[in-house]
Amino acid sequence: MKLTLHRRQILWAYAFLSVSLVFFVVIRWYPAVLALNISVRDWNVFQGSGPWVGAANFQAIWEDLFKPRSAVRAAFLNTFKYVLLGVPLQLVLALGISLLLMQIRRLSGFFRAAYFIPYVTSFVAVAFVWNWLYAPQAGLINQTLTALGLPTQPFLRSPQQALPSIALVAVWRSLGFAIIIFLAGLQQIPEMYYEAAQIDGANRWQSFWRITLPLLNPVIVYLAVLQTIQFLRMFDLVQNMSTDNAGGPLKSTTTVVLEVYKEGFSSYNMGYAAALTIILFAVILLITLVQMRLLSRRVEY
Amino acid sequence: MFKSRKALLFTFLLAALMLVAACTAPAAPAPAAEEGAAAEAPAEEAAPAEGEVIEIEYWQYNFGARVDAMNELIKQFEAENPGIKVIHNSDIPYDNFRDKIAASVPAGVGPDVATLFYGWQTAWIDAGYIVPLPEDAFPPEMVASDFSPMVQASFFDGKLYTLPTAVRTLALFYNKDLMEAAGLDPESPPTTLQELEEQAVQCTVRNGDGYDVFGFVVNPAGQAHHWFREVLLRQFGQQPYSDDYRQVLWNASQGGYDAWNEFLKFETELETGRRDLITEPDDFLAGKVCFHIDGSFRLGTIAKNAPDLNFGVTELPEYNGIKSTFGSYWTHGITTKAAADPARMEASIKFLQFITTPEAGRLWVDMVGELPAQLEAASDPALLADPKLGAFVAGLPYAHSTFFVDESKDRQAIIDAYDGVVLNGADPAEELDFAVQTVQEMLDEFWAGRE
């Protein structure tokens, strides 16, 4: 068989793609299918097998949702709180900072780097640093409050303040990523639109609402979807910031993924944990689809 | 041209190979596990002839001092029993230990004798890794009279499954400098609950809403949940669980509620500290806490991280004339692999008997720093006089271990009940009732699954 140069190039492309495909199949898809299998079984981790129990695990989750002080219910409610608190705050802050960064010329590289650094820092390291900042009595924030004559706050030790405290760190941690994406989006908007608007007598506020925001829409949708998924999968920070009883105090910070972890790897209820991941997957899929439909309006000029 | 086509083919092949290899590998242990359970591992090897050396394998996770101590014990054992050779596998890191056991024992390979945490025992029995110890070699009466009462947790459904060389107990740590600064005598730490209350109050130094010195903080997320279950409840006349461990009895009598109130009292009434302001055990190491409940395993941490801390250790305070403490231990079991071959089983029994003698316990305390499991040690004047270990050794005759279905959830129930009262101002009795209900549901589910 004689291969043309073009065909050979395509074949090579497929060859390389197939290698990375193996990675996806083995590391991503195969475990996902396995999780589906485990979720319908009474799985024993020690034996690596278990009898078929149909929807019993899902039914157990459903029943647990309505029990008093249910950890699963708290996990779902908290997860939504993280999303509702974190995503809008993230987007507004990142957009504001990107607009400011667009204005400056001097030190702009330094500022961009400064905002981006937390994003390349490990979640666990971030969690430890913030644990110290939030620490009762000796923590930097509480020391500052004391110096200013204000009452100290319990932060992570309070059922009311713990979730917002952690959400804030999550926002801070991935702010840099959102800023970079926004900056790319802002640079895509042709200068001439603003010039034209200026000639027509539009002020800066009007230009922002009528030009910047609509043209940034694809970027906003992209970030909103991505960050929502990010917050729905909240785990590392909660696990490491509510250390002595992960998800506490009083289940006020626990998330779905944390419950999956605890059920699966601390209590060895693998079937239950797998069923929870399937539900979370369904929730993420649904929310993402709704978001994409609601947020992505086409804007043409 | 020809070469590049070959390379192309090779790349595809490589991808296919990786796929095949990766997909079959994780699936492999499963069928092996089923086979092992069904076929009961037929005795492949014929019984060894006279004079032949029997090899058995012993496994534990990798921890320097334990490995050295066991090597020494094996050397002594082999000198006494020339017909038995013990292969010591201690290369497995702690995190992988259970996985390794899970992958090998059901397949009929791996250890004949293995070391496990006492809390894992039920799971190991359910998974079919370990077999009951024969009563003629390990009479229950001998275990009851010679070993610390905490070792009763090695009995399951009336049968003894494992036996330890060494154990750990809880005791009361106290900071001598802080006691002195508060006008207390650092040589007479509290011996009763009443004294603990008084001295903790006297030692506390407040600073506005916060604390410069915590007198005594009850932290259920640390060791204090054990203190409630196995110490306070018993001292207030309420045993924590029914004898068969089917009923949670924390609120079964007024004594239970009284114990619970005593547990809460230090934060809610005496104000000797607040759990939400403390970091344990760091604050004790930093010299900010007067009294602190912890295990013998903490001595190493302190020696390493706070060598200058001027502290002492005393027995947990008594109440109603009752002394109690919580104990936990690493214990040794004989696996189904050994049980499949009479000769290896016999050798394993001899080995297990050897490593659970008082002599083995003494060697262990010298080399590892854990307490001997045999009560004989508790009457050893040299050990009792040890300024740090003495208090823990003194606890051996009255130490209890808890049979946990799921320790982290049991602990969580107590943490949540405590936080409910101190953070949300909920009714203490209602919170205790709810914790009991939570743990009871767990026990019910566990026992229902076994019938």
Side-chain angles (χ1 to χ4, degrees), chain A residues 1-3 8 11-12 14-23 25-27 30-31 34 42 44-50 60 67-69 71 131-132 135-139 142 146 151-152 154-160 242-252 262-263 266-269, chain B residues 1 4-5 7-12 14-19 22-23 26-27 29-34 37 98-99 101-103 106 123-124 126-129 207-211 219-222 274-280 406 408-409 411-412 415-416 419-420 423-424 434 437-438 441 449:
Chain A
M1 184 177 65
K2 191 115 174 77
L3 290 174
R8 226 162 55 222
L11 259 178
W12 266 112
Y14 276 118
F16 282 127
L17 282 174
S18 67
V19 174
S20 64
L21 180 72
V22 168
F23 178 82
V25 169
V26 173
I27 304 293
Y30 175 67
L34 213 60
D42 182 11
N44 183 326
V45 236
F46 297 104
Q47 286 161 0
S49 60
K67 282 189 183 155
R69 311 188 192 185
N131 275 342
W132 286 324
Q137 298 207 124
N142 270 324
T146 313
T152 57
F155 296 119
L156 299 171
R157 312 291 184 100
S158 143
Q160 289 78 36
S242 48
T243 39
D244 67 3
N245 46 343
L250 293 170
K251 307 183 180 85
S252 64
K262 287 209 259 185
E263 285 293 338
S266 160
S267 302
Y268 300 113
N269 292 328
Chain B
M1 166 71 222
S4 89
R5 204 188 278 184
L8 188 64
L9 206 69
F10 178 74
T11 315
F12 271 116
L14 185 75
L17 205 71
M18 278 166 66
L19 190 67
C23 278
E34 281 154 21
R98 286 196 272 187
D99 295 345
I101 293 280
W124 283 40
D126 283 352
Y129 300 161
N207 173 8
D209 278 346
Y211 290 83
N219 181 12
R274 264 170 54 187
R275 173 174 120 73
D276 62 348
L277 294 183
I278 202 172
T279 311
E280 270 204 317
D406 184 339
S408 62
K409 281 190 177 173
R411 182 185 84 130
Q412 193 65 52
I415 293 174
D416 285 352
D419 280 350
L423 296 178
N424 284 354
F434 189 79
Q437 189 190 323
T438 309
E441 273 170 23

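A note on names: the letters A, B, ... follow the listed sequences, proteins ahead of strands, and every chain is numbered from 1. Quick caveat, the model's predicted, so the values are computed rather than measured. Computation of the quantities below employed the complete heavy-atom set of this structure, encompassing side-chain atoms and omitting hydrogens, waters and symmetry-equivalent molecules.
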Requested in this report: Look up atom CG in B/L277 and atom CG in A/N142, then write down how far apart they are to the nearest 0.5 Å.
Outcome: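 The CG atom of A/N142 is 9.0 Å from CG of B/L277, to the nearest 0.5 Å.
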Requested in this report: Mind checking the CG-OG1 spacing from A/N131 to B/T279? Nearest 0.5 Å is all I need.
Outcome: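 These two atoms lie 9.0 Å from each other.
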**Report entry** Nearest non-hydrogen partners of B/F434 and A/R69, listed with the distance
**Finding:**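 So the minimum-distance heavy-atom pair works out to CE2-CD, 3.4 Å.
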Query - Heavy-atom pair of closest approach, residues B/G420 and A/L250 - result: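 Closest heavy-atom pair between B/G420 and A/L250: N-CD2, 3.7 Å.
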Query - Heavy-atom check, side chain of B/R274 versus side chain of A/R157, under 4.5 Å - result: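 Not touching, per the 4.5 Å side-chain cut-off.
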Report task. Determine whether B/N424 and A/Q160 make a side-chain contact, defined as any pair of heavy atoms from C-beta on separated by less than 4.5 Å. Result ->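 Sidechains of A/Q160 and B/N424: in contact.
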Query - Part of B/L423 within contact of chain A (heavy atom distance under 4.5 Å) - result: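 For B/L423, the side chain is the part near chain A, not the backbone.
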Requested in this report: Check whether A/P151 gets within reach of chain B through its side chain, its backbone, both or neither, counting any heavy atom under 4.5 Å.
Outcome: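 Neither part, no heavy atoms under 4.5 Å.
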